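Chain letters run A, B, ... following the sequence lines, proteins first, then strands; residues in each count from 1. The structure displayed is predicted, hence computed values, not measured ones.
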2 protein chains.
Amino acid sequence: MVSALSKSNSRGLRIFFEPKSVAIVGASRTPGKIGNYILRNNLKLGYSGQIFPVNPGATEIEGLRSYPSVAAIPEAVELAVIAVPAHLVLDIMRDCQRKAVRGVVVISSGFSEAGKEGMERQTELVRMAAEAGIRVLGPNTTGILNPEGRFTTTFVDLKGVKPGGIGFVAQTGMFAGMMFQWIFSSQYFGLSKVIGLGNKADVTDHDALDYLAQDEATRVVIMYLEGVKDGRCLLGSAVRLVRRKPLVLIKGGKTEEGAKAAQSHTGSLSGRDEIFEALVRQAGAIRVSDFEELLDFGKTFAYQRLPRSNRIAIITLSGGAGVMAADACLESGLVLARLEPHTLARVKEKMPSWASPGNPLDIEPLSEIVTQEGAYRLGLDVVLSDPGVDLALVVMSTLRMARVHADYLLDVAKAHPEKPVAVCIIGEAVIYSQLFQIMEQASIPVFVSVRRAVASLAALYRYRRFLDSLVKRA
Amino acid sequence: MVSALSKSNSRGLRIFFEPKSVAIVGASRTPGKIGNYILRNNLKLGYSGQIFPVNPGATEIEGLRSYPSVAAIPEAVELAVIAVPAHLVLDIMRDCQRKAVRGVVVISSGFSEAGKEGMERQTELVRMAAEAGIRVLGPNTTGILNPEGRFTTTFVDLKGVKPGGIGFVAQTGMFAGMMFQWIFSSQYFGLSKVIGLGNKADVTDHDALDYLAQDEATRVVIMYLEGVKDGRCLLGSAVRLVRRKPLVLIKGGKTEEGAKAAQSHTGSLSGRDEIFEALVRQAGAIRVSDFEELLDFGKTFAYQRLPRSNRIAIITLSGGAGVMAADACLESGLVLARLEPHTLARVKEKMPSWASPGNPLDIEPLSEIVTQEGAYRLGLDVVLSDPGVDLALVVMSTLRMARVHADYLLDVAKAHPEKPVAVCIIGEAVIYSQLFQIMEQASIPVFVSVRRAVASLAALYRYRRFLDSLVKRA
């Protein structure tokens, strides 16, 4: 029963991500207009389906034949993207009904978020959609982005779009747009699918989770929620998803004041944070309280496997940074691995006699004998070879005159694929970004902050522990 | 008594930052060598004092006449920077004694950090210095950097050096070097003075604080400690400093495991973290647990005044981000200001009828009537004019197509100089960095993370509260 529902839901949403044909209602010839961006974004992405611009005042837009209405399109239309003023939307819906369109993305605002009149308009929109078996995404959203499938309904100017393993669900479409601009312009990782839910008149959070649960390109889901409409459905979908892939989510309203602000903003039940918190815990989702952390955790899950357990080794050229990292590990639920005598002996023999290696492994003495490069390599290899180590953090401190070298670290990490590794780099910006590129390309997550690196590794372990608890219960 | 000590200490350290003449022992003609970097760094900075390269194998280095020894320099030498192998250092100290040098920076490693022999060497170094009344910085350090005074003892390749209001004390010299490379290459703010303490054979943490307490260019001190040698002296200096300017510090060893790691790293008493924590609290210093936060707090103190109290207003274009910010405020000791009826009326009259403004102030409805630009301006002006608001956070979410505009925000902030403002920007990287430049140039701290922005504003309030408690006690 559950899996049948899940299947039908995912079939329902697939039409938004992989339509064979799309009508863009409100398509415009004027650069800078929303209806022009949506069309051009798809041309830029290289969408391979049919595009039908709809605009009563044009016969051709961006080189494509344009139609005065959806009804006037001579061929079948699977999806309609509606970007016209709110008072025109219901008329267009009637055309979509007649045309047997299967999905509609309503970009327009002026619905439930805009007073009583808008609310009534939204109710009618939903009624018409249900009548004709049309799924509706929105209103008041930028809709979706499918980097790999080269299709989008967004009017947000696209640049640097990159496919990747992270599925991203955002309540507000505008926020989704800002976030993926941020991601594509400043992060190395890419996205598998983006869904901006908007007013959730029909398609809602749990539909999005069901879809992403079965989407093969999605390795991890990050989710930004404002309010929850149907907690039970969301819980059901979250539970199903988390059995297959991690779910990291952010939602305000933790504190009393935050909850009050949430209530006045969405008018939803989000105010009762204990309920939401219980839902998160039961589903095995991981809740964060900052967008930066959402991306940190997302990329770490997308890049790395899960550790067997929580015994971490820290390799550092700076003893002090090692101490900070040790603090952060303990605070996030990791424990410092007890290195085996054999492991310690392997580094000790390459160190000056006064040095006594431990965990954190300060490789400064090692670097005096085998160079910095050699010290990082030997240090990481030795700890990852230790059966008592489940995961590792390398804290690199690099001066600008240092040669940018990282291959040796990558080779060692690759030789131990079952043990996750993260890197924290403290140093000059140009060196940082070169090392960042090299490492993230090899799926090693890089951070400037020791605390954020450790928290991200700890998230891997938290998810592992949750999966283990399911096995035990079963 | 206390102030006499403080004066003598600061007189003692001034010689490291503003020497009239400096001998660079171990100066080298070979680019890439430590002794070459130290010399070239000073030429690059435009040091206006006399430089005497010392190298027995050269007669001229980088266009300057070179001397075979310190003793051979015909003129007075105030400061000597020693960058030769450890076993040669004591001989050079003898020359420095004879030459009546007033301060020595020992760059060389191979002292107390390097076993028994090194320890003995350091003891003798200190004895010789005390005998001749020479202050010693190091050994095992990069020493100091004085951006405004255009002088340095560091061999770390300098680029983008910028004077500013932040004084930075680091235990390890190498770490200081990495940090200021990071700062100069990635941050907008500059530094007033940098001190890398190294082994603290003579000059130690409390000397550094005494010096920075009276240094006029320093508005705030950020400090990275590994171990504490003399907690009582440090406390005394911290207490004196914090009466004049804020002190933000980071030191590992909070958790049991971290403390163990610290003990094995520095062998110091840092393991007893409760004692250190008590010291921090008594002095009114602010302890952070991440280098990123150290810089966040540092710049916020350097840029902004202190708020009168903790009543914050949040202006945001995204209701959801407002809720996250409200959560973060409550968690950091700030409270959401209750906006006055008059304040709310001022925004309400420019909003669609369905909107009901509050705090967080969601300016999206406002932007529909007065544009986004107008909404940010009016929103910030209205809340800063409210007598019940002590400080404000603006959460900007910007799409790439948005025009980069910020002047209006700066004008409003400038009109209310007694109320600190921070900005959080979520959006595309290029837009972000343009807005970042404009705002930080106007001394408004910018963040990508709502949580970090709020924590930084809260730090201003924590310091204000501490100063208030002193007044009450007095």
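Interface remark: B:A114 contributes backbone and side-chain atoms alike to the contact with chain A (heavy atom separation under 4.5 Å). With a 4.5 Å cut-off on non-hydrogen atoms, A:E368 does not touch chain B at all. Residue A:F184: no heavy atom, backbone or side chain, is found under 4.5 Å from chain B. Of the two parts of B:Y224, only the side chain, counted from C-beta on, holds a non-hydrogen atom closer than 4.5 Å to a non-hydrogen atom of chain A. A:A321 touches chain B through backbone and side chain together, each having a heavy atom under 4.5 Å away.
Taking all atoms of both residues into account, the shortest heavy-atom contact from A:S318 to B:E226 is OG-OE2, 4.5 Å. Smallest separation of non-hydrogen atoms from B:A429 and A:S186: CB-CB, 4.1 Å. Across all their heavy atoms, A:S289 and B:M324 have their closest contact at O-CE, 3.4 Å.
A salt bridge links A:R452 with B:E292: the closest approach of a Lys/Arg side-chain nitrogen to an acidic carboxylate oxygen falls below 4.0 angstrom.
With chain B as partner, the option from A:K116, A:M179, A:E113 having the largest number of non-hydrogen pairs under 4.5 angstrom is A:E113. The residue among B:G160, B:G115, B:G427 with the most heavy atom pairs within less than 4.5 Å of chain A is B:G427.
Other residues, nucleotides and ligands contribute at most 12 non-hydrogen atoms within 6.0 Å of the CD atom of A:E117. No more than 12 heavy atoms of other residues, nucleotides or ligands sit less than 6.0 Å from atom NZ of B:K33.
Every residue two or more places apart in sequence or in another chain was checked for a salt bridge (charged side-chain N to carboxylate O under 4.0 Å, His left out) with A:D290, and none qualifies.
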Between A:R451 and B:E293, does the salt bridge (Lys or Arg N to Asp or Glu O under 4.0 Å) criterion hold? Intermediate values first, please. CA-CA 10 Å; A:R451 187 172 57 180; B:E293 207 170 31; 3.6 Å; yes
Using the rule given for side chain to side chain contact (heavy atoms under 4.5 Å, CB included), can you reason through B:F291 versus A:C424, listing the C-alpha separation, both sets of side-chain angles and the distance that settles it, and then say yes or no? CA-CA 11 Å; B:F291 296 108; A:C424 176; over 6 Å; no
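Atom CG of residue B:D157 and atom CD of residue A:E428 lie 8.5 Å apart, to the nearest 0.5 angstrom.
Residues of residues 326-338 of chain A that come closer than 4.5 Å to chain B, counting heavy atoms only, are A:A326, A:D327, A:L330, A:E331, A:L336, ordered by residue number.
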